[in-house]
Amino acid sequence: MDFLKWYKKTVESADPEPPAVIWEEIRNELDVDTVWYKIEKDLPADRRKRILFMMAAAASILLIIGVGTFLYLNSGVQGSGIPMSHIEHHQGFIRYTGSEPSFQTRLAVALEFPDARHIPYAEDGSIIQAAGRSVYSGEGLYPLQGLRYTSDLLEYDLQLHAGRVTAAGEENRSHRKVLSAKGYYAGLSGNLANTWLLNNKTLQGLRSDDLTASLPSFGYSFGIMAGKNIAGNLDIQAEIHLISLTRQNYNEYLHGKYINNNMQFNYSSLSLSGRWYLSGHEKPGRHSIILGAYAGLLRNAKQDLNGETISLRQDYDPIDFGVITGYEYHYPVGNGIFLGTGFQTRFGLNNIFSGNDLIPYYLNNTRNASINIILSVRYNLN
Amino acid sequence: MTKGGFNEEVILTGCRKNDRRSQESLYRHFAKKMYAICLSYAGERPMAQDILQESFIKVFKNIKQYKNDGALEGWIRKIVTNTAIDHIRRRKWTDEYNKVDQNDPGMHISNAAMNIIGFNELMKQVGRLPEGARLVFNLYALDGFTHREIAEKLEITEGTSKSQFNRARKLLINFIGNMNL
């Protein structure tokens, strides 16, 4: 008989009786868990946790609404939203010939041509403009009349209207051309971060009367980014940071000694964010607010305990995800290159501690959080 | 499905509601079979008991994830095997392996010897194998994994899996051959 077949048959046909105590142990452990879940249910909800959860939920809802609105309106621009049968091409301009446009149409056009309403027009809808002079006629006309055919030309026309066409203005226009409404861009980005691992221990360590002291800890991340303008003042941007370092430093009194702990987590992260510009294309520098989400893949995790290093890789979840909010300022430095700086907060939504032999995951709920200074350089591709 | 008084659907429904009596029925139905698997992986009773206990706790905590889409026994066995791997990994099995004397045993064992040796005697000899070699041997011989799958599961090379398996087989045949039958 084949040795391996005999071995398999002997093992699988055996029915050794496990000691009765094993079932007792299993039951005890399950009972402990059941009691804990009952206790947790009856405890008053953690107010701070609830507020953070609500903030995260609100940010997610805003992001979904923003993206949803864009997709809905963008489909209108290409077909159904702007009634193309009422659009006429007239001397390089677009004229709207229908009855009063709906709110949806106005909004769709406003997003596609953000400054359109400032174009001068006459009462019959024709453009009043000659040799760089524009005359504003005024009343009773719809905002859609007098739209220029492309955003670049529209901007230039606004320059004419404002009387700002100078050599410097031409230069500015070239900057704005690369910042045009349909622009793709790519570049490098990095963060210098004050990082936190938020759990009971580190939060208690912030109190001066506690034996554990949480210390400011700093990390960094860097990588590449790419983005696209998807509507008038809205960009969408993806970033891949292959190196994203999170640290938490704290001292604690343990076994009669005051020891220093330094935890270090190395992630690779991917983020997707929407950037809403507070100012239009007419300004050279632009302010934007950021709202987005990130996901991180844990590459390694370790803890230095008074100089002794231990791996924490098995104790922590390989995936982290959360929300991003922030602000960034971009300034053109010429040839389509822009420098950016600002700040960003990141807040993890999942418990990254997955438990070990001594502590179950639910007793050491830990989240990543950070306040970051952003540095970026980007090049507009068209 | 009812097998020998064990109504799987009823028991599963009870287990999903965290009903202790259903959990105990499920445990008692599968415990012996799984204990044999644990013993073959652990090679010693205390560790086999730990694996069995931890496996069934995992089974009960994750029972809602079982979608009735295959054999319940196979699902439980997969959990038992993975738990055994985790246990043995924790004990740094590769170091243990290198401490074992490596004789050059013969490659065959007589049919007569196979007919005489019972489960308990076999487990005594399996228990003498180094943990790493025993783990690879059981994954291959008992659970039918290929060396490539074993290599992925244990994060070792395919060559290491093959050499550990061959060494375990030779040692086990040698141990059995040296028994006073």
Side-chain angles (χ1 to χ4, degrees), chain A residues 1-42 297-301 309-318 351 353-364, chain B residues 15 18 20 23-24 27-28 30-41 45-46 48-61 77 86 89-90 107-115 117-123 125-126 137-138 140-144 165 168-169 172-173 176:
Chain A
M1 193 191 296
D2 179 75
F3 176 67
L4 295 182
K5 281 183 184 165
W6 168 75
Y7 179 77
K8 185 174 167 69
K9 190 181 160 197
T10 307
V11 171
E12 291 185 345
S13 60
D15 55 353
E17 187 74 49
V21 71
I22 293 182
W23 170 245
E24 298 299 318
E25 295 284 342
I26 292 171
R27 201 173 63 179
N28 289 346
E29 188 146 340
L30 292 173
D31 286 346
V32 167
D33 274 3
T34 305
V35 171
W36 167 249
Y37 287 129
K38 284 179 182 170
I39 292 169
E40 197 180 34
K41 223 179 195 176
D42 288 343
L297 179 68
L298 184 62
R299 295 167 64 223
N300 59 59
T309 303
I310 54 172
S311 172
L312 297 175
R313 183 67 185 78
Q314 299 298 324
D315 298 349
Y316 284 82
D317 203 315
N351 175 13
F353 184 68
S354 51
N356 56 33
D357 291 342
L358 300 174
I359 310 169
Y361 70 93
Y362 50 83
L363 288 184
N364 186 30
Chain B
C15 288
N18 211 16
R20 284 287 176 277
Q23 288 169 335
E24 186 170 358
Y27 169 77
R28 296 210 183 282
F30 290 110
K32 290 180 182 176
K33 258 187 179 175
M34 296 305 148
Y35 190 45
I37 305 293
C38 293
L39 278 170
S40 62
Y41 273 99
R45 289 182 183 274
Q49 289 164 15
D50 285 348
I51 295 170
L52 186 68
Q53 181 182 330
E54 194 176 320
S55 300
F56 270 94
I57 288 167
K58 284 181 188 168
V59 165
F60 294 135
K61 285 184 176 177
R77 182 162 169 171
D86 287 346
R89 264 188 178 162
R90 276 180 227 156
M107 287 294 290
H108 300 288
I109 184 167
S110 69
N111 284 349
M114 289 184 191
N115 289 332
I117 298 166
F119 175 75
N120 288 332
E121 292 79 20
L122 177 60
M123 285 303 105
Q125 304 312 318
V126 169
F137 181 76
N138 278 316
Y140 188 91
L142 211 53
D143 285 303
F165 168 76
R169 187 171 63 168
L172 191 55
I173 290 172
I176 293 169

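Side chains are part of it too, since the values below use all heavy atoms of this structure and drop only hydrogens, waters and symmetry mates. Note on naming: letters A, B, ... go to the chains in the order of the sequence lines (proteins, then strands), and numbering restarts at 1 for each one. From a predicted model like this one, the values you see are computed outputs, not experimental measurements.
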**Request:** Could you tell me whether a side-chain N or O of A:D15 sits under 3.5 Å from a main-chain N or O of B:K32, the two making a donor and an acceptor?
**Result:** no
**Fill in**
Ranking B:K33, B:M123, B:Q23, B:R45 by heavy-atom pairs under 4.5 Å to chain A gives rank one to B:Q23
**Prompt:** Do the rings of B:F137 and B:F165 sit parallel, tilted or perpendicular, given the 30° and 60° boundaries?
**Reply:** parallel
**Prompt:** What part of B:M34 gets closer than 4.5 Å to chain A, counting heavy atoms only: side chain, backbone, both or neither?
**Reply:** neither
**Prompt:** Which atoms of B:L142 come close to chain A, meaning under 4.5 Å heavy atom to heavy atom: side chain ones, backbone ones, both, or neither?
**Reply:** both
**Request:** Heavy-atom pairs under 4.5 Å with chain B are the metric here; pick the option from A:P16, A:S13, A:A14 that has the most.
**Result:** A:P16
**Prompt:** Looking at residues at least two apart in the chain, or sitting in another chain, which of them share a side-chain contact (heavy atoms from CB on, under 4.5 Å) with B:E24?
**Reply:** A:W23, B:R28
**Request:** Could you tell me which residues satisfy side-chain contact (heavy atoms from CB on, under 4.5 Å) with A:L297, sequence neighbours excluded, listed by chain and number?
**Result:** A:I319
